[in-house]
Amino acid sequence: MSKAPEETKKGHAYDPAEVEDRLYRHWLERDYFAADPASTNPAYTIVIPPPNVTAVLHLGHGLNNTIQDVLIRRHRMAGHNAEWLPGSDHAGIATQIMFEKQLLKEGVNRRELGREKFLERITEWAYANKDQILNQLKRIGCSLDWERERFTMDPGLSKAVESVFRHLYDKGLIYRGKRIVNWCPVDRTSLSDDEVETENKAGHLWHIRYKIRGSDEYLTVATTRPETMLGDTALAVNPKDSRYTKFVGKSVILPIVERELPIIADTYVDPEFGTGVVKITPAHDANDFEVGKRHDLPSVVVMNTDGTMNEQAGKFKGLDRYEAREQLVNELKQRGFLVSIEDYDLAVKTCYRCKSVIEPYLSEQWFVKMEPLAKPAVEALKSGKLRFHPEFWSKTYLHWMENIRDWCISRQLWWGHRIPVWYASDGTMFISAERPTAEQCPGYDPETLTQDPDVLDTWFSSWLWPFSTFGWPEETDELRAFYPGHVLVTASEIIFLWVARMVMAGYEFMGDCPFEDVYIHGTVRDAHGVKMSKSLGNGIDPLEIVDQYGADALRISLTLATPDGQDPWISRNTFEGGRNFVNKLYQVSRFVQMRLNGNRPVLDKLDTNDLVIFDRWILSRLTRTIEDVDRYFREYRLAAASKALYSFVWDDYCSWYVELIKPEAGQEIRPGSLAVATYVLDKILRLLHPFVPFVTEEIHHQLTGSNDSTLTFGPWPDVQEALKDDALEASLVQIQEVVTAVRAMRSELNVPPGKRADLHIRVSDNSLGQLLNDHQSYFGPLAKVETLRVGTEVKKPPFSASAVIGGAELFLPLEGLIDIEAEKNRLQKSLNELRNNLERLSKKLANQDFLARAPKDVIDRERSKKDDFEERIERLNKNLEQIMGW
RNA sequence: GGGCGGUUAGCUCAGCUGGUUAGAGCACCUGCCUUACACGCAGGGGGUCAAAGGUUCGAAUCCUUUACCGCCCACCA
């Protein structure tokens, strides 16, 4: 039965709320997170993936920023000049839509408000939001360099955007052109290919027949969007399709509209699909547009930007596209043009923001020619200059880069960087963010120029983030110090949208890759594996977790629970584990401090003259842990790093070491061991500081008795080879085995917990006997042993329980206490296990091929294992027989 | 249609270049408020490592195929 903490007699559970708030303010006051461009320490730079100003902190941000903070804090501790740049993204479409919705609640329409007024209000709103989300990052302990906070619409960043536009335009890499774009009729803007999602939906294929001119024959086409037939300008067949070659060059009459359309031949048509005849609508389908260009066909736009039909649609003018479809199909049916309707599942493109169905739409847009930019970005990956973690993401990146398409950068919005292009009435263009001066547009009156009404895609500012934030295009000290950066931490969703484009921009404008490592983490899912999202309402609010369990608990739980390169499944009780661990750490520090009894410990030096076996053991384990953690950091395996620390602290340090050095009641702890305990605790605090900065700093302040001391700047523990000792670790394993075996015997035989018992150990060789003898005082507290007798000639006392481990036989005299049936079962069970193992081993060792081919050390190992098993079985058998006689 | 991940205890995951008696946390069972910690301590039960082939003396680990789950890309009207 579990009790609430307040019901227990004691109860000094760690309370993070007060500590975390106080320490974060303390750190800010001391300016610990500011990086100085003039520092001579090597720089280590991370730029934050700027959260959208529409967002409130969710668990995905929690994970993303925890990882970055862990990395930045560790490097800061290792002596780097660590710059973690904070900021936010204006998130064009998302922000404008959200704000417009809010306006609508007030009964205000954006067009009524007017562009200028609208921008004023949305800016105010965006700034309030951005402050909120950035402040939320403070709650989870992020050590961001707040002095350098940037926003993608800051004047400096806008200048970078203009400068980049001009550069690419002058280079011929930005062009304006009529293209089929992804058009969202609800948001009334174009979208880039990467902003479009594909959904499989049930739909229909309508088979419609077109009468061949001057004949009674018909050609039947299949279409998923019949309303677009109003804009048809040809029918096409495959040139090799013998069914139709005779019709090529003739023409058909477009039903209802009665327009004459040529029949053309183009290899684009797949004879196997549908009827093998395709209607060509160049203004409303990207493929048809290409076909139209090849055959010099006219384009007829039949829709308005809001998805209603325009005057080209004749009597359907003004109808919504789907209403028009219905009426048109009805009429086709009535007039005998509709041959059949077939159920058909089709891939429908939808807007990533509002989810409405995208309309391929012919319009004039601005594009960036991407191929030349992609070249160095591909090279960076292939040469190993740019690395993804986990590595397999590089395939995704490469595939996109090598099949890159031009980037549509204009958006029909108001919120964003306005396209820095001004038009004269004759169509001449001038590049400038502000109205050009008379010198900038010789021969034209500046006052008569009009600016392009559109804005740039949000990513057109985000792709400059690694250098625009440090002052580019000015040549600043910051830029020199902090570019290129070191690692980019993000989720896989924006590898194309953002990561890839940053690499391209880095090379084009800075001549160097913006970072060398890209750490891709998973997307947070709920307990059932469903992506957490606001709309589904399955999200967990990280701030609620901070309130309930503390920021440290949130952070360590997330790092422990996020498998490398996979999606973590997170539920509320994921965080209990982290909370418990933080408390455990705090409790063991209380133990050490109580024993220090007010004496100030020496943390940075180790007196190796006064060590016992356990001291040397924990130092060896510590050294190995540091090695492991360092390696995991190098490999970007934070889950493994945090797990290594978790088990070192909980198992090695708390459960074994601290228990081993605990003195008998009323006694003082051995000074040498207390010094080691303190020394190791200090190292633990350092190793864990990146993960759980608050509790570690709090304990550090307590240990040093000073708020002036901090873990922020390290030093990070280093590996001292001399402290590693394999033989010693093996000896400890033997001692642990004895303790564990005695505990198990007592527990399984229901020996009352308070009852002490003698322990007799018969060893098969003297070195183990020596080891156990030398440390017999430790068996008292750990295994409730009264007196210990060890030797090769030790006899089994009457009425004693027994256990057999490698190299030793343990006897626990329990006259009157022993449950004979239970003891029989115990022995029988281990006997069965051992026999199974022996059987398998014997087979293996009887296999001539194994003996002939396996390496000698493997064979030797298996042989000695077999000997050991046989010996144990024999001893177990004897003990069992003896019991039978009771 | 192509590509990439995943499939190990009831749940979430470790298990590196093949040789372990296949591990951890949570959950479960038993006993404990033992002066660091009940957010705890000690002990225990629980797995034919998705399936089938193959390579090998030896496969959870390597190869092939299949199934299922998830993600990404794709112009079949």
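Convention: sequence-line order gives letters A, B, ...; per-chain numbering from 1.
- Not a single side-chain hydrogen bond (donor to acceptor under 3.5 Å, both in side chains) links A:Gln566 to another residue, sequence neighbours left out.
- A:Asn583 and A:Gln587 share a side-chain donor-acceptor pair at under 3.5 Å.
- At the heavy-atom level, A:Asn847 lies under 4.0 Å from the strands shown only through sugar-phosphate atoms.
- Nucleic acid contact for A:Arg525: sugar-phosphate only, since backbone atoms but no base atoms lie under 4.0 Å from a heavy atom of the residue.
- Under the 30°/60° scheme for interplanar angles, the aromatic rings of A:Phe575 and A:Tyr549 are found to lie parallel.
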Practice problem: Let me see the working for A:Lys279 and A:Thr281 under side-chain contact (heavy atoms from CB on, under 4.5 Å), right down to the final yes or no. | Solution: CA-CA 6 Å; A:Lys279 61 193 254 339; A:Thr281 322; 2.9 Å; yes
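- The salt bridge (Lys or Arg N to Asp or Glu O under 4.0 Å) check on A:Arg243 picks up A:Asp241, with sequence neighbours excluded.
- B:G15 and B:A50 have their P atoms separated by 15 Å, given to the nearest Å.
- The CZ-C1' distance, from A:Phe496 to B:A74, rounds to 12 Å in whole Å.
- The partner of B:G70 is B:C4, by the rule that a Watson-Crick or G-U pair needs both atom distances under 3.5 Å.
- Between the C1' atoms of B:A27 and B:U12, the separation comes to 11 Å (whole Å).
- For residues 396-405 of chain A, every residue pair satisfying the salt bridge (Lys or Arg N to Asp or Glu O under 4.0 Å) rule, not counting sequence neighbours, is listed here: A:Asp193-A:Arg405, A:Lys382-A:Glu402.
- Ring geometry, A:Tyr344 versus A:Phe273: the interplanar angle exceeds 60°, so the pair is classed perpendicular (tilted spans 30 to 60°).
- Applying the salt bridge (Lys or Arg N to Asp or Glu O under 4.0 Å) criterion to A:Asp15, with sequence neighbours excluded, gives no partner residue.
- Remark: A:Lys395 is not positioned above the aromatic ring of A:Phe388, lacking an NZ or CZ atom under 6.0 angstrom from the ring centre and at most 45 degrees off the axis.
- Heavy atoms of A:Pro390 sit nowhere under 4.0 angstrom from any nucleic acid atom.
- Protein atom NZ of A:Lys784 is 12 Å distant from nucleotide atom P of B:C32, rounded to whole Å.
- Of the side-chain N and O atoms in A:Tyr586, none sit less than 4.0 angstrom from OP1 or OP2 of B:C39.
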Distances under 3.5 Å between nitrogen or oxygen atoms of protein and nucleotides 12-17 of chain B:
from, atom 1, to, atom 2, distance (Å)
B:C13, O2', A:Lys643, NZ, 3.2
B:G15, OP1, A:Arg637, NH2, 2.9

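- Looking at heavy-atom distances under 4.0 Å, A:Arg746 makes no contact with the nucleic acid at all.
- Under the rule for a salt bridge (Lys or Arg N to Asp or Glu O under 4.0 Å), the partners of A:Arg624 that lie at least two apart in sequence or sit in another chain are A:Asp726, A:Glu729.
- Spacing between B:U48 and B:G43 at atom P, rounded to whole Å, works out to 26 Å.
- A heavy-atom distance below 4.0 Å to RNA chain B is reached by these residues of residues 860-872 of chain A, ordered by number: A:Arg861, A:Lys865, A:Arg872.
- In the set B:C39, B:G19, B:A74, the nucleotide with an atom closest to the side chain of A:Arg405 is B:A74.
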Distance-only check: which donor-acceptor pairs under 3.5 Å involve side-chain atoms of residues 638-646 of chain A, not counting sequence neighbours?
from, atom 1, to, atom 2, distance (Å)
A:Ser642, OG, A:Leu638, O, 2.9
A:Ser642, OG, A:Ala639, O, 3.0

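- The base of B:C37 sits within donor-acceptor range of the side chain of A:Lys584, with an N or O pair under 3.5 Å.
- Distance A:Phe273 CZ to B:G1 C1': 13 Å, rounded to the nearest Å.
- Here B:A22 sits opposite no nucleotide as a Watson-Crick or G-U wobble pair (both hydrogen-bonding atom distances under 3.5 Å).
- Nucleotides B:G47 and B:A67 place their P atoms 29 Å apart, quoted to the nearest Å.
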Under-3.5 Å N/O pairs linking protein and nucleotides 42-50 of chain B:
from, atom 1, to, atom 2, distance (Å)
B:G43, O2', A:Ser747, OG, 3.3
B:G45, OP1, A:Lys829, NZ, 2.9

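- Following rounding to the nearest Å, A:Gln587 (CD) and B:U35 (P) show an atom-to-atom distance of 13 Å.
- Among the heavy atoms of the strands, none lies under 4.0 Å from A:Phe289.
- Taking all atoms of both residues into account, the shortest heavy-atom contact from A:Arg637 to A:Asp564 is CA-OD1, 3.3 Å.
- Residue A:Lys662 has no polar side-chain atom (N or O) positioned under 4.0 Å from OP1 or OP2 of B:U34.
- For B:C62 and B:C32, the P atoms lie 47 Å apart once the distance is rounded to whole Å.
- Residue-level contact check: A:Gly522 touches neither bases nor backbone, having no heavy atom under 4.0 Å from any strand.
- When the salt bridge (Lys or Arg N to Asp or Glu O under 4.0 Å) test is applied to A:Arg209, no partner is found at least two apart in sequence or on another chain.
- Between A:Leu831 atom CG and B:U21 atom P there is a gap of 18 Å when expressed in whole angstrom units.
- Across the protein-nucleic acid pair, A:His204 atom NE2 and B:A77 atom P stand 15 Å apart, rounded to whole Å.
- Judged by distance alone, the side chain of A:Asp567 and the main-chain N or O of A:Gly522 form no donor-acceptor pair under 3.5 Å.
- Annotation for A:Met745 and A:Leu810: closest pair CE-CB, 3.9 Å, computed over non-hydrogen atoms.
- Following rounding to the nearest Å, A:Phe581 (CZ) and B:G40 (P) show an atom-to-atom distance of 12 Å.
- Using a cutoff of 4.0 Å between basic side-chain nitrogens and carboxylate oxygens, A:Glu862 and A:Lys844 are scored as salt-bridged.
- A:Phe392 comes within contact range of the sugar-phosphate backbone alone, with a heavy-atom separation under 4.0 Å but no base atom that close.
- Side-chain atoms of A:Arg579 do not come within 3.5 Å of backbone N or O of A:Ala553 as any donor-acceptor pair.
- Note on A:Arg835: nothing from the nucleic acid sits closer than 4.0 angstrom, heavy atoms only.
- Nucleotides B:U66 and B:G1 are separated by 12 Å at their P atoms, to the nearest Å.
- Between A:Phe496 and A:Trp400, the angle of the ring planes stays under 30°, which puts this pair in the parallel group of the 30/60° scheme.
- B:U21 and B:C4 have their P atoms separated by 36 Å, with the value rounded to a whole Å.
- Among the atoms of the strands shown, base atoms are found under 4.0 Å from some heavy atom of A:Val269.
- Base engagement by A:Tyr268 is indicated by at least one non-hydrogen atom pair under 4.0 Å involving a base atom.
- For the pair A:His284 NE2 and B:A77 P, the interatomic distance rounds to 18 Å; values are reported in whole Å.
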Protein-proximity profile, nucleotides 59-65 of chain B, B/S/- by nucleotide at the 4.0 Å heavy-atom cutoff, equals -------
inquiry  = A:Ser394 vs A:Glu391, test: side chain to side chain donor-acceptor pair (under 3.5 Å). Steps then yes/no.
reply    = CA-CA 6 Å; A:Ser394 47; A:Glu391 200 275 332; 3.0 Å; yes
Write out a two-atom table: protein N or O, nucleotide N or O from nucleotides 26-28 of chain B, distance below 3.5 Å.
none

